[in-house]
Each structure stands twice: as structure tokens, then as C-alpha cells.
Amino acid sequence: MAALIQPSATLPSPPLLPKLPSSSSPPSSSLSLPKPKPLHSAAAAASASFTQFPLPRPPPSPLPPPCRPESRRLFASEPFDGPPPPDAAAAVGSLTDDCFDLLRFSVGCGDVDLARAVHAVFLRLELEENPSLGNALIVAYLKLGRTSDAYGVFGGLSRPNVVSYTAVVSGLAKADRGLEAVEVFFRLMGSGIHPNEYSFVAILTACIRMTELELGLQVHALVAKTGYLESTFVSNALMGMYNKCECLDSALALFDEMPKRDVASWNTVVSGLVKAQMYERAFESFRQMDQIDGFRVDHMTLSVLLTACTDTGSLIRGKEIHAHAIRIGMETDLSVNNALIGFYIKCGTIDDVEALFEKMATRDVITWTEMIRAYAEFGLIDLAMEIFHIMPEKNCVSRNALLAGLCENGQAFEVLDLFISMVEEGLELTDYTLTTVAKACGLLGQGKLSKQLQGFIIKFGLLANACVEAALLDMCTRCGRMVAAGKMFKRWPFEWDSSIICTSMICGYARNGLPDEAISLFCCCKAEGSIILDEIASISILGVCGTLGSDRMGEQIHCHVLKSGLFSDLEVANALISMYSKCWNMDAAKKVFNIMPAHDIVSWNGLISGFIIHRRGDDALTVWSNLHNAGIKPDKISILLAISAYKYTKMCLVDECCRFFSSMQTEFDIEPSQEHYASLVGVLGFWGFLELAEKTISNMPFEPEASVWRALLDGCRIHSDAILGKRVIKHLLLMEPRDPSTYVLVANLYSASGRWHCSETVRKEMRVKGFQKQPSRSWVIHQNKTISFYTRDKSHSQAKDIYSGLEILISECQKAGYEPDTSFVLHEVGEHQKLDFLFYHSAKLAAAFGLLMNRPGKPIKIVKNISLCGDCHQFLKYTSAVTNRQILLRDASGFHYFSNGHCSCNDRW
């Protein structure tokens, strides 16, 4: 039998076919390991010849004697005894009936081999003249997912009818082989056979899958010409095509002209309105279903409306839909419940989701996958993993949901473990899988690991895809591999969308301390038209402007946002708040917040955070109070910011801060994390409550991380408590560093105590693990260019003038009382060399450049990537006094406003 189904020959294209245009559809990305093979694109499939399974025809043989009725079999090794059949035709008819039964059985059981056995009988007995059995074979193969086998049967039919053509067109369309489906439909039209309503629905399915509006319009004309426009079935398909091609007006016009509608017609309209974000009209259509046509909504209507509620964040309206589902007896419908879970993930609480899940009598893989997503969304990643392990059936989507959840919760190593297990088991890898893993590698920032992943993807041919390539480029930028990212950027195919890759590259430059390159590339891409300033690009560029402190560029992007109507997008408006707050302009940030048409928790958090980095704690707490009074539920970041705000209030409000911290769990249902404890300890240490801070750490329900001890150490530094500081240092030195900042802190602590050998050992271990110390860098925006300086940097073309000016400035400051503090030089060198290190810190060079280049009276704006050292802080205070200039500096701790020898931080940062 196996020999009968070997593919070898091709079916020549008929002369009636018109020449089809080539497709630009991207190749399929769903692949399986361990030996992934890239699938051919739709264009390649269309240009290739059609293939059928050649079936070598054995010489005709007489029909076998019939079986006994009580033991009928399809094949027999020996003839059965019994009376001869009345005639051969009756035997063939009986065998044909058996074939129909067996095909139905094969589809029910998912048995491809049984369908092929029937196919073999079909060929052996030369039943090509029987179109009904041929059509049944085609349908069976299609239902079994064997599209090529179905096409092979079709190619062997001597007289295919409209059912044959329609079945093949439908099967090819559903298998995303749209161009082949179109070709077969043209063959149908050229054969003289008239298409029926099912034929039109099949070809419209292909149009929908390919988003082919022009062909859809031609089909619409043909439908009208042949009189099938009155078919509700066909009109629904036409509306679906218009919805997919974003021609909602055409879909609505067709809907209004329909002589007869059904529930599917209304669902198509509601779905199109939701897709077009016309939510009020969608709900109006929902109400009209019963009023105009008397239809009761079904599971599809409710699911689409719940999507609208999810998109708009409308908790009340979503609950109304939930209540309506219960009222009409659809509370047990699986698809409605799955949609409700998705709605409560976005708009409700984890308790709402769990309560719904527990009540569900029936669950499928979608239900379990939604629960994974729910727990991950609410930060309960351990419960998400538990659900994944106990779910009865797993598929690619459920694994990807867990991968995404782990990644979003910062569990990058767990993402890699799950990915490795998927590879070892030979499971399907999709674009989403690979992009998520690339994102996880980017979170880790390990260059070696990123090279391994990139090599794996290239080795197995998974790279020829825009999404995967863009994710790899972003990964390279996050791992410091800007040279590799630049190569990928240069070889980016012309036919792919370049806007995403340009945005990633701009953000990569900014992330890796190359802000000038970021702005330069943005200007170049904008001039070439290769970047579309949509919501995503605008958010990214605003982020770059905020990082650089480039307020003028940020204002230009703000103007574009207003002109292009993007201000209504919440994320864009939130990015504007963040940009202005980082560019010394809290008044503009507050103004943006006040004129926003709507706010989410990110908006509130952004405004609170802005006041905190400007050390305006009272203003931050006022915003927090407004948030609380508005009935908005805060998240863990909101709580963290509110605690931090008590650090910068005009009066000491430590008691109030402690009460607020204690109410976190009872009032806001948020359990204190390491970050919350570190923030509280920072507040206590800042105001001098060092013993209480140490006691708070000892009472923590879990082992404190380095960030908590670091917060206490800052308090010891501010209040010069050397005894407690030594105890804190011992704790830090006993900890195993897990990130570059902790390694640097431990190494600096050893250096400060003169234990140079221990410091070098820590730095060596840091290099072995691939971690890099972030070099100190300060920059000034001058004439729309970013002028950067490193310690003892002489790369600037005017370095000689800058150093001369700085030496004069140092001399003047020393006359005014400035005394260099060499304790901030953590190198084993002589005192004279320490002064050389100290005098040419990046912040001092940036200040000297700013004073030389800016006109008198204009404030000097400096950005520093790490915290300002104590000596530079003291120097800038004296500089503001001797030059009578205001110096505005933003470092990792927040803003410093130097004026007349004083700093806004009151020497506590």
C-alpha cells in the first residue's frame, strides 16, 4: 500500500489559469526541533507546479468474491465461500458504501493510514469516475490535516465537480496556501462549472487569510452578478473580508442591505466595530440585535464584547456582560468563560479569576493557558508554574505563555531552562518562543549567552524572519554587542519593515552610552523616511530624550505627537510625563498629566516618580493622596514610590511612613517585597533612625538582599555612623554578589578599607562571569549634540581649553575654601596621583565645558550615569558660588540644583 501513495509526479497547470502575481507573504515560522526546517513561503508555493500523488495503476483484475455478510472485510487473503453476487456493479456499490463508512471512521479516529487504505482501494478499482467517493476522500484528507494528499486526489479525478473544487479551495485557504486556493478557483471558473455559495465562501476565506482586498472586490462583483448576494452565508463572508481588510464602512453598508440576517451577521458587525475601536457602536449593535431582528446573543457575541471591555478597561460594563451571560444561561459556556478570565486578568483581581476558574465545570487548554497568564500578570509566577505542571494537556501556546510570564517577572534563567527542555524534547518553536527567549537573554545582559542563542537560531535556519531578527538585534544591544547589532542593522532586508529595527537600534545606542549616535540615527532615519513615528517609535524616542536630558528634542517629539493625534494614546502621554520629569521640567510634566483625557496607574506612578527624583516629597504625597481618593487601586510600584516620597518631605514623617508600610497588606493587599523594605530602610536611615532601620532588617520575614543593606549603609554615610557602617559592610562582604552593582559595591568597600588584594579578587571574579563595571560618564547637550566625558577624558577636540579652564576653576574654588577629598579615589596609588584622578572626574570636565560654551547667566545642565561622588558634589557647590551660575545635575539618585554654594539635596543623597 505504501508504494501506492509515493509522491513523484506533478500536475501541469491548465492553460485557463491567469498568471498570478507573486506574493510577499512572510515564510511560516512555526518549526519543530531537533531538526527544524524552514517552510516555503506562499509565493514559492504559488510559483511551483502543483503536485499530486502518482498512483501506479495495476492491471485490471476481477473483483474478489464477496464476503459473508456476518464477517465482511475490506481485504481477504482467501476468497470466502458463498453465493456469487448478482452482478459486479452491486459488489462495487457495496464496496463504495464501505469506503464511505471507513472514511467517516478514519476522520472520527484521526487515522490517516485508514484513509490512505481507502484511497488505495479507490485507485485499485479505478473509481475515479465516482466523484462522490473522490469528494469524500478529499474532505477526509482535509479534516485529517493532509492538504497535499487531498490535492493529490483532486488532481486524479477525471471529472471533478463543484463540490470537488470547493473542498480543495476551502482546504488550501484554511492551510494558509491562499495563492494555490485562488489558482484552483480560477480553474473552477475556467472549467465551465458554476460556483455555488460554498465556493464563494471558500475563496473569500482565502482573501481573508491573505488580506487581499482587490481580489475580494472582484469576488463581490461576481457574487452580485451570479445572484448569490441574497445568501446570508455569502454576505457574512464578504463582511468578514471587509473587516479583515479594514474597510468597515463597506461591511456596514453590506450589512444594511442584507435582506436577511442571522446571528453570525450581527457578530461580524460587532467584531468589526470592536476591531476598529468603535466600542460604543459595538454595544449599540449588541442592544439592537434583539430589538431589530429578535436574535439572542450567542457565545461569540459575548466573547467579542468582553474583548471590548478588556480593551477599554471597563470593569462595570464587563460585569454587566457577565451578569447577562448568567441570565441567559451561558455561564457554563467554555468560550464565554475563557473570555471572562481574560477580562478579569486586565480589569479585575486574581480572586475574580480564581473564583471563575473554580466554578468552571469544563476546561480546555485555553482555560489553563489563561490561568498561567493570569498568575504571571499578577506576579504570582510560582502559581503559574504550578498550573503549567498540573494542566492535563500542554501545547505550544501554553508553553509560550509560561515563557512570557517568566520573562515579564524577570525570571530569565527559568526561561532558558524551559526553552532548553523544549529543544531537547523536539517541541515546536515559533516566532513568539524565539523572541521571548531573546528578550530573556537581553535581561541577563550576558554577551556569551546571547552569542549561543544567535548561533542556534542561525544553525537551524530560523533567522529569515523579521520578528526574530529584530528581537536578536534588541538582545545584542542589551548585551553590549553593538558591533554585532550594527551588522544586523546594515544587512536588514529592504523589503522588511525598517521602522521597528530603527527604533531598536536608537534605543540600543542610548542604552549603551552612545546617546549622540541615538539622536544622529533618529535624525537620519527621519530624513530618509525609514522610521514611522507611530506610538511605539514615539515612546522609544521620548525615552531616549528623557535619558539624555534632551529637552529640546523632546519638545519636538511632543509637537509631532499633538499634530499626529497620538496624544490620546495613554502610553505616549505617559512617556511625555516621564520625559519632562527627567528633563528638569516638572511643570510641563504636571501639565501633560492634567490635560490627559484618561489616566492609568502608570500615569499616576510617573507623576509621583517625577516629584521624587526632584526631591519634592510633599508634592509626591499629594499626588498619592489624589490617586487614593480617586478610588484607583495602586500597584506595588505605587506603594514603593509612596514610601520613597517620605525621604524627601520638608518635615520628618517617619511615624506616618511606618504606619503606611504596615497597612500595605491589609489595606492594599500587597505583600512587602525586598524593594519595599529597602525603601523603608532608606527613609529611616535618611532621617537618622539607624537603630530602627537595623531592627527592621532583622525582623524581615525573608533574608535581606544587598539592596536592603546598601540602603542602611547610605544612612550610615549620611550621618557618619562608622560603627554601624562596619557591621553593615560585614554583611555585604559575606553575601554572594548576583549583579554588577553589588560586585562593584563590594570591591569598593574592600578598596576603601585598604584591602586591595580582596578588591582585585572581586573584580577578577566579576570579569570571569562576564559582568562589566559601568564606567562613570557625564554629558552636556550643546547645540543639539551630546558632549560626553569620562574620567580623565581627552578625546574632545577642545580638550586643551577644557583642561585649562578646569584648572583655573579648581584654583578659584580652592581659594574659596574647597578641599579635595582623596578618600573617593579607590585606587592603590600615591596621594599626588589620587589628586590627578580626583580633579578630572567626568562631572568636573562636563561642568568646565558647560561654563566655557554656554552664554553667561544660562544654567549648566549636566547628566551623570551614576551617583555623584562626594568630592564632585562639594566642588560643584563652590563652582556655583565662584562663577555665580546655576548648575543643574541629574545623577542616579535624582536632581541636584547647585546655586550660590548650596545644593537642593542639602548634602544628603
Side-chain angles (χ1 to χ4, degrees), residues 578 581-582 584 586 589 604-628 634-664 668 670 672-697 700 704-721 724-725 728 741 745 864 866-870 873 888-898 902-909:
S578 176
S581 65
K582 292 177 180 177
W584 299 277
M586 275 309 297
W604 291 94
N605 290 349
L607 191 60
I608 296 171
S609 175
F611 282 122
I612 289 173
I613 61 176
H614 281 265
R615 307 180 197 277
R616 293 165 61 177
D618 295 301
D619 291 328
L621 289 175
T622 299
V623 178
W624 160 260
S625 180
N626 294 338
L627 179 155
H628 188 56
D635 60 9
K636 57 185 178 183
I637 297 174
S638 314
I639 302 294
L640 180 65
L641 291 170
I643 295 169
S644 301
Y646 286 99
K647 195 174 182 178
Y648 303 114
T649 52
K650 292 178 182 178
M651 296 177 60
C652 176
L653 301 174
V654 166
D655 290 340
E656 185 178 321
C657 180
C658 291
R659 285 195 299 271
F660 177 78
F661 183 87
S662 301
S663 68
M664 274 179 60
F668 305 109
I670 295 175
S673 64
Q674 294 278 359
E675 291 79 10
H676 294 108
Y677 273 102
S679 184
L680 177 63
V681 169
V683 172
L684 296 173
F686 183 85
W687 289 103
F689 294 85
L690 298 176
E691 290 184 9
L692 180 58
E694 187 179 25
K695 185 178 178 181
T696 299
I697 295 176
M700 284 175 62
E705 292 182 353
S707 59
V708 181
W709 290 112
R710 190 184 297 132
L712 182 54
L713 186 63
D714 285 338
C716 296
R717 175 182 56 81
I718 291 170
H719 297 283
S720 304
D721 191 330
L724 178 57
V728 175
S741 62
L745 175 63
K864 186 174 175 63
I866 60 176
S867 291
L868 194 66
C869 81
H873 189 271
L888 315 179
L889 184 141
R890 191 189 83 209
D891 69 355
S893 71
F895 283 91
H896 301 264
Y897 289 79
F898 297 98
H902 299 282
C903 179
S904 58
C905 74
N906 295 320
D907 298 338
R908 296 194 296 181
W909 76 101

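Just so you know, residue 1 is the first one in the sequence shown, and it goes up from there.
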Could you measure the distance from the [atom1] atom of [X] to the [atom2] atom of [Y]? Nearest 0.5 Å is fine.
X      : Y      : atom1 : atom2 : result
Tyr648 : Ile612 : OH    : CD1   : 8.0 Å
Leu607 : Met586 : CG    : CE    : 5.0 Å
Leu641 : Leu621 : CG    : CG    : 10.5 Å
Arg616 : Ser904 : CZ    : OG    : 11.0 Å
Glu694 : Trp709 : CD    : CH2   : 6.5 Å

#### Entry: Residues Lys647, Cys657; criterion side-chain contact (heavy atoms from CB on, under 4.5 Å); working and verdict
CA-CA 9 Å; Lys647 195 174 182 178; Cys657 180; over 6 Å; no
Looking only at heavy atoms, what is the nearest atom pair of [X] and [Y], with distance?
X      : Y      : value
Leu712 : Ala693 : CD1-CB, 3.7 Å
Gly682 : Ala711 : N-CB, 3.9 Å
Leu680 : Cys658 : CD1-SG, 4.5 Å
Ser581 : Ala589 : N-CB, 4.0 Å
Gly685 : Leu690 : CA-CD2, 3.7 Å
Cys905 : Arg615 : CB-NE, 3.7 Å

Please tell me if the side chains of [X] and [Y] come closer than 4.5 Å, counting only heavy atoms from C-beta onward.
X      : Y      : value
Pro704 : Tyr677 : no
Pro634 : Leu627 : yes
Met664 : Lys636 : no
Leu684 : Tyr646 : no

With no hydrogens and no angle check, is any side-chain donor or acceptor of [X] less than 3.5 Å from a backbone partner on [Y]?
X      : Y      : result
Thr696 : Leu692 : yes
Thr649 : Ala645 : no
Arg908 : Phe686 : yes
Asp891 : Leu868 : yes
Asp618 : Lys650 : yes

### Task
Report the residue from Asp721, Val728, Val681 that forms a side chain to side chain contact (heavy atoms under 4.5 Å, CB included) with Leu713.
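The option that passes is Val728.
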### Query
Once the angle between the rings of Phe895 and His614 is folded into 0 to 90°, is it parallel (under 30°), tilted (30 to 60°) or perpendicular (over 60°)?
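Taking His614 first and then Phe895, their aromatic rings lie parallel (interplane angle under 30°).
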### With sequence neighbours excluded, residues passing side-chain contact (heavy atoms from CB on, under 4.5 Å) with Ser673
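With sequence neighbours excluded, Ser673 shows a side-chain contact (heavy atoms from CB on, under 4.5 Å) to Glu675, His676, given in chain and number order.
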### Task
Give the C-alpha distance, both sets of side-chain angles, the deciding distance and a yes or no for side-chain contact (heavy atoms from CB on, under 4.5 Å) between Phe689 and Cys652.
CA-CA 11 Å; Phe689 294 85; Cys652 176; 3.8 Å; yes
### Query
Have Asp619 and Thr622 got a donor and an acceptor in their side chains that come within less than 3.5 Å?
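No pair is found: no donor N or O on one side chain lies under 3.5 Å from an acceptor on the other.
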### Message
For Ile637, is the CD1 atom crowded, meaning more than 12 foreign heavy atoms sit under 6.0 Å from it?
### Response
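For Ile637, atom CD1 is not crowded (no more than 12 foreign heavy atoms under 6.0 Å).
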### Message
Centroid separation under 6.0 Å, is that true for the rings of Phe898 and His873?
### Response
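Centroid distance His873-Phe898: below 6.0 Å, so yes.
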### Task
Start with the C-alpha distance between Trp624 and Ile639, add both sets of side-chain angles, then the distance that settles side-chain contact (heavy atoms from CB on, under 4.5 Å), and finish with yes or no.
CA-CA 9 Å; Trp624 160 260; Ile639 302 294; 3.8 Å; yes
